[in-house]
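Read through the structure below, which is laid out as C-alpha cells, and then see the notes.
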Number of protein chains: 2
Amino acid sequence: MREYYTITELTREFGISTRTLRFYEDEGLIAPVRRGRTRLFRPSDRHLIRQILRGKRLGFSIAEIREIIQMYREPPGEVGQLKLMIRRIEEKREELRQKRRDLEETLAELDDAEENCVERLVELGVTT
Amino acid sequence: MREYYTITELTREFGISTRTLRFYEDEGLIAPVRRGRTRLFRPSDRHLIRQILRGKRLGFSIAEIREIIQMYREPPGEVGQLKLMIRRIEEKREELRQKRRDLEETLAELDDAEENCVERLVELGVTT
DNA sequence: CACGGCATTTACGTAAAAGTCAATTTGCGC
DNA sequence: GCGCAAATTGACTTTTACGTAAATGCCGTG
C-alpha cells in the first residue's frame, strides 16, 4: 500500500479533474495533508474518493454524500448522539432500498423494451 | 381507470410543483392534451411522470431520462434503427447494473456503520 | 539558473433543474 | 352572466457542481 498519491495520479485513476478534487476538499469531504502547499493524498483519502464517486453515481448530492461519509466515521461517544446516528443510518438505508426498487423496476422495463425490439426483428425476418 | 387528471391532482399525488410538470412538458418528456389552454393528463402521462421521478431518484439527468423513455416506446420499423436501439438499451442496463453494485456496497457499509453504533451502545451499557 | 511542467489560489462562468413572481386568462359554481 | 379560485405564460432568480482562465509558486534537470 502506497503512502501518498499525488493529485494527478488520482485524477487519472478516477477520471476526474483536479478542480473536482479541490472542490471536494473545499466541501470538506476530503482533507489531504500538505507538504508546503502541495496536497498529498493518503490511501484513506483515496478510499473516500471512491465512496464519493459511488454516491454520485447513485444520484446523491454533495450534502448527502457528506452526511453518508459522516456515518462511516467512528461512532460518537454520547448515547443520545449514538441513537440519533442510528436513526439517520436507518433512514438512509430506507432511501437506498427505495432506489433499489426503482432500479429493479427500470431494469425490468428495459428488459421488456429489449424483448420487444428483438421480437420486431424476428418479425422482419432478421436472424439474430 | 380515470380518463383525465388535472395538473394539481398530479402535483399533489407526486409531491411536485406545477412548474415542474410544465418544465417536463417543455423538455418533451410528457405531452398532455389540451382543452383550451388547460392541460389534461391521461393515465399514460401519469405513468410517464412515475417513470420520470423514478429516473430522477436514480440520479439520471433530464436528457438521460428522455433517452430511457424513448426506449420504452414502440420499437422502430427499420432494422438498423432496431439494432442500434437494442445496443443502447444494453448500455443503459449495464449502467443500471453498475448502480446496483454501488448500491449494494453502500448498503453494506451502512450496515457496518450501524452495527458499530449498536456495539458502542452496548459498551456504554445501554440496553437496546 | 533558466526552463518546463505540475500545483495552487482566486475569481468568474455556466448548464441543469427547477423556484418565484407578476400579469393575464379561464372556467365552474351559483 | 359574474366572481373568484385555479391555471397559464413569460421572465427572472437560485442552487448545485463543477469548468476555465489568469497569475503565481515550487522543483528537478540540463
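Here is how names work: the chains are called A, B, and so on, in the same order as the sequence lines, proteins then strands, and each is numbered from 1. As the structure is a prediction and not an experimental result, all values here were calculated from the model.
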May I have the list of side-chain donor-acceptor pairs in residues 112-123 of chain B shorter than 3.5 Å, sequence neighbours left out?
unit_1	atom_1	unit_2	atom_2	d
Glu114(B)	OE1	Arg93(A)	NH1	2.2
Arg120(B)	NH1	Glu123(B)	OE1	3.2

Note to self: Which nucleotide wins on minimum distance to the side chain of Arg39(A), given the candidates dA17(C), dT8(C), dG19(D)?
What the structure shows: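 Minimum distance to the Arg39(A) side chain belongs to dT8(C).
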Note to self: If you compare every side-chain N and O of Thr6(A) against the phosphate oxygens of dC6(C) (OP1, OP2), does one of them come in below 4.0 Å?
What the structure shows: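 Looking at the OP1 and OP2 atoms of dC6(C), neither is under 4.0 Å from any side-chain N or O of Thr6(A).
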Notebook entry, point to check: Thr20(A) side chain N/O closer than 4.0 Å to the phosphate oxygens (OP1, OP2) of dA17(D)?
Noted result: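 For Thr20(A), the contact criterion (side-chain N or O under 4.0 Å from OP1 or OP2 of dA17(D)) is not met.
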Next item on the list: May I have all residue pairs that pass salt bridge (Lys or Arg N to Asp or Glu O under 4.0 Å) and include part of residues 62-81 of chain B, sequence neighbours excluded?
Entry: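 Those involving residues 62-81 of chain B are Glu27(B)-Arg66(B).
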Note to self: Looking at every non-hydrogen atom in both residues, tell me the closest pair between Asp102(B) and Arg57(A) and how far apart they are.
What the structure shows: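 That would be OD2-NE, 2.6 Å.
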Margin query: Can you pull out the residues from residues 51-61 of chain B that lie within a 4.0 Å heavy-atom distance of DNA chain C?
Written below: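 DNA chain C contact set from residues 51-61 of chain B: Lys56(B), Ser61(B).
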Notebook entry, point to check: Using a heavy-atom distance cut-off of less than 4.0 Å, which residues of residues 22-35 of chain B contact DNA chain C?
Noted result: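 Those residues whose heavy atoms fall under 4.0 Å from DNA chain C, taken from residues 22-35 of chain B in numerical order, are Phe23(B), Tyr24(B), Arg35(B).
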Margin query: For Ala108(A), give me all partners under side-chain contact (heavy atoms from CB on, under 4.5 Å), at least two apart in sequence or on another chain.
Written below: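 side-chain contact (heavy atoms from CB on, under 4.5 Å) list for Ala108(A), sorted by chain: empty.
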Notebook entry, point to check: Is Phe60(B) close to Leu96(B) at the side-chain level, that is, under 4.5 Å between some pair of heavy atoms?
Noted result: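 Yes. Closest side-chain heavy atoms under 4.5 Å.
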Checklist line | Non-hydrogen side-chain atoms of Phe14(B) and Leu21(B) separated by less than 4.5 Å | finding: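 Contact flag for Phe14(B)/Leu21(B) side chains = no.
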Note to self: Less than 4.0 angstrom from a charged side-chain N to a carboxylate O is my criterion; do Arg97(B) and Glu94(B) meet it?
What the structure shows: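 Salt bridge flag = yes for Glu94(B) with Arg97(B).
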Item checked: Carboxylate-amine/guanidinium proximity below 4.0 Å for Glu13(A) and Arg46(A) ->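 Between Arg46(A) and Glu13(A) there is a salt bridge, with a charged N closer than 4.0 Å to a carboxylate O.
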Margin query: Could you walk me through whether Lys99(B) and Leu103(B) satisfy the side chain to side chain contact (heavy atoms under 4.5 Å, CB included) test, starting with their C-alpha distance in whole Å, then the side-chain angles of each, then the deciding distance to 0.1 Å, before giving a yes or no?
Written below: CA-CA 6 Å; Lys99(B) 276 188 204 279; Leu103(B) 213 150; 5.8 Å; no
What pairs of nitrogen or oxygen atoms, one from the protein and one from nucleotides 20-27 of chain D, lie under 3.5 Å apart?
unit_1	atom_1	unit_2	atom_2	d
dT20(D)	O4	Arg19(A)	NE	3.1
dG25(D)	O4'	Arg37(A)	NH2	3.0

Note to self: Rounding to an integer number of Å, can you tell me how far Leu10(B) CG sits from dA6(D) P?
What the structure shows: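 Taking atom P of dA6(D) as the reference, CG of Leu10(B) is at 16 Å.
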Check: Contact class for Thr18(B) (heavy atom, under 4.0 Å): base, sugar-phosphate, or nothing?
Finding: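 Here Thr18(B) touches no strand at all.
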